[in-house]
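One structure is given here, and the rest of the page talks about it.
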Amino acid sequence: MTKVLKVDAVEPDTGKIAIAAKAITEGGLVAFPTETVYGLGANALDPEAVAMIFKAKNRPADNPLIVHISKMTQLREVAEGVSPRMLNIAEKVWPGPLTFLFRKSDRLPQAVCGLTDKVAVRMPSHPVALALISAACVPIAAPSANLSTRPSPTSAAHVLADLDGKVDIVLDAGDTFFGVESTIIDATCRPFRLLRPGACTLEELQRLLGRVSVPMSVKKAESSAHAIAPGMKYRHYAPSKPLYMLGNKGFSHKLFAMKNVGIICSRELCRSYRGAGKNVIILGSEKNLYEIARNLFKSLRALDELDVEFGIIETFKEEGIGLAIMNRIKKASADMELPSTVR
Ligand code: AMP
Ligand code: MG
């Protein structure tokens, strides 16, 4: 049975946090909000609890987890060989939506890091996440609290839709702030390497870290998993209906009139086609990409609720948080553009 505990997002009830922290120290699973998305947490130092995360999510064992900490001294429990300069940088940017890869410590169970010798670490800024980690007094390993391949959860309802009965407690503090996951940087190489674009923008990172290399696989939003068949990639963040990206040829009135299509787009695009109807899901204003990011995963889930055969999603500029938005859109659509036959 999953217990849902509602907590205030800014000043969470200490009694409820203590119940959730006890579940963590006893080897259980707790889903909790961070400023990016909801995480599925377990004691990072307990191999059996970590194994339960993989089982609950149906996550492949070679896909490592991010370890969440609430104070700098916890970094030493999970990572080693962190240079004084890196410590300084981490201290400046944390708490926040930025994850660094360091060399893993011997103490950390190997399962947290998949097949690698590096650990991904972050100090989240959400008061509920910080309170939970502090009360549990252990680092918490937490991937996004969705079933593998599904869109990441930005509300407690999304967590329950995927994991009801598989997690002991869900701390419900309403919708998350950014709506896309943290940015991941490999801090063990020079120049620093971007592994996943996220809520902290590349432009902010470059100001902070100097040069940051962006591998081709990240630019193209390729999955780290190999293609399972020619022309077909492993899907991620995916609704269960086929999803196509709108190519640069634009929408047409014909598309908005079609009954078997769900359209996910900005308010402006919808207005210009007078397309408002039951099969249109509005992401927000194209002038505010943070609003688009916040509504993205919710909209991908909403597509599954529509009585349509497939979805089409607008594309956005790959600038600022737009880089993370387009990375998720490309993965959710397996990089497929709308075929010209249906335009
Ligand atoms: P999630 O929290 O569900 O977004 O998943 C955590 C992400 O962090 C995954 O996409 C992993 O690929 C990435 N990650 C975690 N640890 C490592 C690591 N040691 N090396 C590379 N990527 C990592
Ligand atoms: Mg995930």
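Predicted model only: the values in this text are computed from it and were never measured. Both ligands and their constituent atoms are indexed starting at 1 by order of listing.
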Answer with side chain, backbone, both or neither: which part of [X] has a heavy atom less than 4.0 angstrom from an atom of ligand 1?
X      : value
Thr99  : neither
His68  : neither
Asp186 : neither
Arg196 : side chain

Ignoring hydrogens and angles, state whether a donor on the side chain of [X] or [Y] is under 3.5 Å from an acceptor on the partner side chain.
X      : Y      : answer
Thr99  : Arg196 : no
Glu181 : Ser144 : no
Glu314 : Ser266 : yes

Problem set entry | Close approach, Arg59 and ligand 1, non-hydrogen under 4.0 angstrom |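 Contact present.
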Exercise. Under 2.8 Å from the Mg ion (ligand 2), which protein N/O/S atoms are there?
Worked result: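 Those protein N, O or S atoms (cut-off: under 2.8 Å from the Mg ion (ligand 2)) are Ser144 OG.
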Exercise. Is the closest N or O pair between Lys57 and ligand 1 shorter than 3.5 Å?
Worked result: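 No - when backbone and side-chain N and O of Lys57 are compared with those of ligand 1, no distance drops under 3.5 Å.
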Is [X] reaching over with its side chain to a backbone N or O of [Y], donor-acceptor style, under 3.5 angstrom?
X      : Y      : value
Asn146 : Ser152 : no
Lys241 : Leu306 : yes
Asp304 : Pro239 : no

Are any of the side-chain nitrogens in [X] or [Y] under 4.0 Å away from the carboxylate oxygens of its partner?
X      : Y      : result
Asp117 : Lys104 : no
Lys16  : Asp172 : no
Arg122 : Glu35  : yes

Ligand-side contact atoms (ligand 1) for residue partner [X], heavy atom cut-off under 4.0 Å:
X      : answer
Thr116 : 19 (N)
Ile184 : 7 (C), 8 (O), 13 (C)
Ser144 : 1 (P), 2 (O), 3 (O)

Exercise. Does Ile89 reach the side chain of Met86, with side-chain heavy atoms less than 4.5 Å apart?
Worked result: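 Yes, at least one pair of side-chain atoms sits under 4.5 Å.
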